[in-house]
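Not measured: the values here are computed from a predicted model. A note on names: the letters A, B, ... follow the listed sequences, proteins ahead of strands, and every chain is numbered from 1.
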2 protein chains.
Amino acid sequence: MATFPEVGNAGLVSNAIGAITAHIRMNELGPGDRLPSEAALSKELSVSRTVVREAFRSLAAMRLIDLSVGKRATVAQLDHGAMSLMIEHGIDTEQINVQQIYDVRRTIEVRTATLAALRRSNDEARAILEHAEAMRTNFDAPERVMESDLAFHLEIARASKNPIFAMIVGAFQGVSRQTWPIGWRSRSSDNERHAMNDLHVAIAEAIVAGDPQASSQLMAQHFDESVKALLAAGVA
Amino acid sequence: MATFPEVGNAGLVSNAIGAITAHIRMNELGPGDRLPSEAALSKELSVSRTVVREAFRSLAAMRLIDLSVGKRATVAQLDHGAMSLMIEHGIDTEQINVQQIYDVRRTIEVRTATLAALRRSNDEARAILEHAEAMRTNFDAPERVMESDLAFHLEIARASKNPIFAMIVGAFQGVSRQTWPIGWRSRSSDNERHAMNDLHVAIAEAIVAGDPQASSQLMAQHFDESVKALLAAGVA
DNA sequence: AGTTCAAAACCTGTATGACAGCTTTTATTG
DNA sequence: CAATAAAAGCTGTCATACAGGTTTTGAACT
């Protein structure tokens with residue numbers, strides 16, 4: 001008899017992955033909930049611990065579960081880690097370019113700006129404004145300006161109250177860290193750099209004021225200027 | 001002394017993943033190019049084959065590489081498989097809901113419609129129109145209407161010539177297969193269902209005509225109506 | 001020299017067993 | 001009943017083995 005029908009035919013590991021996600025679904029597990037041990041799953045699925053481990057690793061790579069030594073695996077919170085790696089891989093292998101990323105970001109962030117203006121909590125409004133102001137304050141430390149810039153955009157995405165937007169915006173952070181300095185240097189004068197910071201503050205103020213129109217219009221303007229700067233610097 | 005500094009401290013598997021992606025980057029590998037064998041990497045990194053395998057599995061889970069028995073691992077093409085699982089996991093664990101997905105899709109697809117009108121090849125234009133017409137033709141077989149609908153949206157994303165859009169739109173297909181029938185049933189009459197199909201044909205014609213304004217406007221209208229139907233059906 | 005084809009070498013998928021080190025449960029003791 | 005120590009459970013990593021694919025090698029033949 002050897003192999004009886006099995007559930008699918010794409011390898012034992014794929015089956016195990018399916019069984020584990022099914023377990024999560026059927027038991028209605030949520031973030032933090034514990035999964036069965038490797039040994040238990042190994043027994044239940046009649047496969048070696050090796051197979052179960054590889055399935056766990058796969059799920060952990062996609063950030064569907066968290067692993068840590070000694071403890072059992074737990075269901076994970078939505079996270080942009082895996083998507084970040086996918087995007088970076090796309091860049092590394094020249095399947096996507098920086099301009100395409102900016103198009104996606106612009107499309108999404110014009111929307112998050114709108115939503116943030118409508119839905120931001122007071123704490124989020126304050127955080128967004130603080131990040132924008134930090135960009136001004138640390139003008140002479142580009143490293144810090146960049147980090148505040150990234151935090152600013154991510155906080156707006158969070159304030160949109162749609163975790164998918166937050167995940168996508170987060171996923172681009174890694175790549176943005178590489179391209180940001182290019183944009184900064186390519187602005188032709190400190191005046192332009194100050195103008196960029198001012199624009200961030202203006203977006204923050206529109207969101208604080210709860211003005212979706214102004215928020216999205218200013219965000220669009222910000223991206224148009226950034227793309228122009230990047231193109232001027234000759235980024236493909 | 002035991003463990004000497006190592007490269008990082010997040011476990012041997014993480015190190016191996018880093019080493020492999022670094023290998024891809026430094027050798028400028030592209031889709032289809034072959035990676036070193038497990039044994040070779042195992043030797044080079046001074047870790048067991050087990051560790052290398054788990055690293056490979058992790059990368060395969062994120063679809064950065066392809067594995068197949070007997071052959072060496074190869075660099076993979078950008079693919080929405082991993083992101084699909086992430087989204088489904090988000091739904092299963094109630095971290096995201098259907099309305100949020102529709103908001104993301106609307107945001108992105110209004111843009112892909114615009115770009116498709118500007119950039120579609122003739123083949124793509126024809127394929128998009130065919131999918132829309134197939135929705136009409138197969139009116140009595142909802143299953144087929146759905147598949148044509150999904151293919152229609154994905155083809156538009158591809159025609160935008162931005163693989164990130166295609167990846168995101170593709171990632172939502174799995175979930176859409178679950179919610180689509182709800183939307184179909186929730187339209188109050190066959191008239192409304194025919195209207196939905198007509199709207200798809202109208203979008204296709206706008207793209208064929210190379211009219212970005214009309215394309216995006218009609219796509220926005222399509223999503224607004226779909227969301228309305230879903231809300232009417234009481235989808236959270 | 002070039003082609004064909006079979007053997008050899010290589011490679012991945014899976015299983016088993018072992019042990020270190022961390023975490024949770026259990027049992028004991030005060 | 002609380003504190004604590006022992007036991008049991010769990011994950012991370014390693015080594016080894018073998019079945020069954022795939023690529024390379026080499027020999028035989030044209």
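When distances run from any side-chain atom of A:V47 to the nucleotides C:dA15, D:dG12, D:dT22, the shortest one goes to C:dA15. Closest to the side chain of A:F56, out of D:dT13, C:dT12, D:dT11, is D:dT11. Picking from D:dC14, C:dT12, C:dT25 the nucleotide with the shortest atom distance to the side chain of B:R49 gives C:dT12. Taking every side-chain heavy atom of B:V51 into account, D:dT13 is the closest of D:dT13, D:dG21, D:dT11.
Checking A:S68 against B:V69, the closest nucleotide of DNA chain D that is more toward the 5' end is the one next to A:S68. Residue whose closest nucleotide on DNA chain C sits further toward the 5' end, between B:L67 and A:R34: B:L67.
Looking at A:S46, its side chain never comes within 3.5 Å of a backbone N or O of A:S42 through a donor-acceptor pair. In this structure, B:R57 contributes its side chain and A:A55 its backbone to no donor-acceptor pair below 3.5 Å.
Across all strands, B:R72 comes closer than 4.0 Å only to sugar-phosphate atoms, never to a base (heavy-atom distances). Heavy atoms of A:S37 sit under 4.0 angstrom from primed sugar atoms or phosphate atoms, though from no base atom.
Between the NZ atom of A:K71 and the C1' atom of D:dG9 there is a distance of 15 Å, rounded to whole Å. The nearest whole Å value for the distance from the CG atom in B:L12 to the P atom in D:dA15 is 12 Å. Rounded to whole angstrom, the span from the CD atom of B:E38 across to the C1' atom of D:dG21 amounts to 13 Å. Atom CZ of A:R57 and atom P of D:dG12 are 5 Å apart (whole Å). Between the C1' atom of C:dT12 and the CG atom of B:D66 lies a distance of 14 Å, rounded to the nearest Å. The nearest whole Å value for the distance from the CZ atom in A:R53 to the C1' atom in C:dT16 is 15 Å. Straight-line distance from the CG atom of A:L35 to the C1' atom of D:dT11: 14 Å, rounded to whole Å. To the nearest angstrom, C1' of C:dT12 lies 10 Å from CD of A:E54.
Considering CZ of B:F172 and NE2 of B:H80, their distance stands at 12.0 Å, rounded to 0.5 Å. Atom NE2 in B:H131 sits 9.5 Å away from atom CD1 in B:I156 (nearest 0.5 Å). Atoms OG and CD1, on A:S226 and A:I182 in that order, are 12.5 Å from each other to the nearest 0.5 Å.
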